[in-house]
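Data first, discussion second: the structure below is written as structure tokens.
All values below were derived from every heavy atom in this structure, side-chain atoms included, with hydrogens, water molecules and symmetry-related copies excluded. Atoms within each ligand, like the ligands themselves, are counted from 1 in listed order.
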Amino acid sequence: MSVNLKNVTFSYPDMPDKPIIAIETWSISKKEKVFLHGPSGGGKSTLLNLLSGILQPDTGEILVLNKNLGQMNNAERDKFRANYVGYIFQQFNLIPYLNAVENIQLANQFTKDTSKSFGQKDIKEILHTFRISDADSTAPTGKLSIGQQQRIAIIRAMINQPEILIADEPTSSLDEMNKNVFMSGLLEMISKQDTTLIFVSHDLSLAHNFDRIDALEEINSIRKCH
Ligand code: ADP
Ligand code: MG
């Protein structure tokens, strides 16, 4: 099992009377590709942060790769995340003044497994498959288009070959063409590496790429009442 939630509740510490998440059970199998959708403000990003151990639940258990996140201390959770979980956000994935190769190398240096350590030449080759030229690979990423930046973000998130990739509305700032290039590159890398994918989006036109489509309202018993 990749992810397993049991009786998880969560509210932000500054608003203890406003529960955001109450999930009795939710699980994701290894290699499964899950599309999660729901209204803005519904708690999708909060749930993803719980899954990656950035936030801790008030009650309940979160198992990721059969490890109970609640039984780890902060340092152990950070290490676990660095080794097993990749993340792609809607924006600000990259360090803008570093180039693509440097951004990817920066992520790659955290791997303990030397077989997963890539040199500049290898990284440039991967960048080519994502339609990033040598010239663009050595320019500050802040100067590249959003489409290019999001494709570089895929490589950055996947370079250490995580077991799970979490993507939080990664295509919402992309136009149709860039969205398609992003999705095909992402799905190819996922299938090559047998990664479990948890993908949040409100763009249901992407849903056909996934094994499972989950609505947050159906798994989370907290509903917005405004
Ligand atoms: P979604 O990703 O589905 O749009 P979020 O998980 O970002 O939803 O937010 C869920 C709810 O939690 C919203 O009402 C939001 O205002 C609130 N929220 C998000 N982050 C914080 C925070 N750091 N502190 C307090 N409330 C927050
Ligand atoms: Mg969100």
Side-chain angles (χ1 to χ4, degrees), residues 2-28 32-64 69-70 72 74 77-78 80-81 85-94 146-147 149-154 156-158 162 164-175 178-179 182-183 186-187 190 195-207 209-226:
S2 250
V3 170
N4 203 341
L5 271 70
K6 280 182 224 151
N7 299 317
V8 168
T9 63
F10 176 82
S11 53
Y12 283 98
D14 54 338
M15 284 191 286
D17 301 330
K18 189 189 163 205
I20 307 285
I21 298 282
I23 296 177
E24 213 169 285
T25 158
W26 191 49
S27 37
I28 297 170
E32 201 169 17
K33 290 181 287 189
V34 178
F35 182 89
L36 178 67
H37 65 99
S40 175
K44 302 182 297 299
S45 297
T46 303
L47 173 58
L48 297 181
N49 286 330
L50 286 163
L51 293 184
S52 60
I54 293 168
L55 296 173
Q56 270 76 63
D58 300 327
T59 62
E61 269 186 1
I62 300 176
L63 281 81
V64 179
L69 296 183
M72 297 179 193
N74 287 339
R77 264 192 298 266
D78 287 346
F80 183 80
R81 189 165 48 243
V85 185
Y87 229 113
I88 307 176
F89 306 95
Q90 180 177 352
Q91 50 186 351
F92 310 125
N93 287 290
L94 305 170
I146 303 298
Q149 291 185 38
Q150 286 300 69
R151 298 204 293 281
I152 297 165
I154 299 175
R156 188 181 197 272
M158 295 294 287
I164 301 176
L165 180 69
I166 292 176
D168 193 355
E169 309 210 35
T171 60
S172 50
S173 49
L174 302 181
D175 62 26
N178 275 305
K179 200 170 79 181
F182 177 92
M183 282 312 293
L186 177 76
L187 292 167
I190 291 292
T195 321
T196 304
L197 174 62
I198 306 168
F199 188 103
V200 164
S201 176
H202 50 257
D203 184 355
L204 283 161
S205 76
L206 299 172
N209 293 299
F210 293 79
D211 302 320
R212 206 171 99 195
I213 302 167
D214 283 358
L216 183 64
E217 306 97 291
E218 280 164 23
I219 53 176
N220 186 14
S221 58
I222 305 289
R223 278 161 216 280
K224 274 196 1 171
C225 38
H226 52 269

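Of the candidates Gly43, Gly38, Ser45, it is Gly43 that places a heavy atom closest to atom 8 (O) of ligand 1.
Side chain of Asn209 to main chain of Leu206: a donor-acceptor pair is present (N/O by atom type, distance under 3.5 Å, no hydrogens or angles). When atom types are taken as modelled, the side chain of Asn220 and the backbone of Glu24 share no donor-acceptor pair closer than 3.5 angstrom.
Counting atoms of ligand 1 from 1 in the listed order, those under 4.0 Å from a heavy atom of Gly42 are 1 (P), 3 (O), 8 (O). Those atoms of ligand 1 with a heavy atom of Asp14 less than 4.0 angstrom away are 24 (N), 25 (C). Within ligand 1, counting atoms from 1 as listed, the ones closer than 4.0 Å to a heavy atom of Ser40 are 4 (O). Ligand 1 places these atoms under 4.0 Å from at least one heavy atom of Thr46: 5 (P), 6 (O), 9 (O), 10 (C).
Neither side chain, Asn7 nor Glu61, offers a donor N or O lying under 3.5 Å from an acceptor on the other. When only modelled atom types and interatomic distance are considered, Asp203 and Ser201 share no side-chain donor-acceptor pair under 3.5 Å. With no hydrogens or angles considered, no side-chain donor-acceptor pair links Trp26 and Asn4 at under 3.5 Å. No side-chain N or O of Thr9 forms a donor-acceptor pair with one of Asp58 less than 3.5 Å apart.
In this structure, Glu169 CD and Leu36 CG are separated by 9.5 Å, a value rounded to the nearest 0.5 Å.
The Mg ion (ligand 2) has Ser45 among its coordinating residues (N/O/S atom, backbone or side chain, under 2.8 Å).
Not one N or O of Met15 is nearer than 3.5 Å to an N or O of ligand 1, by distance alone. Polar contact with ligand 1: absent for Glu169 (N/O pair, distance under 3.5 Å).
Using cut-offs of 30° and 60° for the angle between ring planes, the Phe199 and Phe210 rings count as tilted.
Within the structure, ligand 1 has Pro39 among the residues with a heavy atom less than 4.0 angstrom away.
Heavy atoms of Leu216 found under 4.0 angstrom from ligand 1: none, in either backbone or side chain. The part of Ile20 lying near ligand 1 is the side chain, judged by heavy-atom distances below 4.0 Å.
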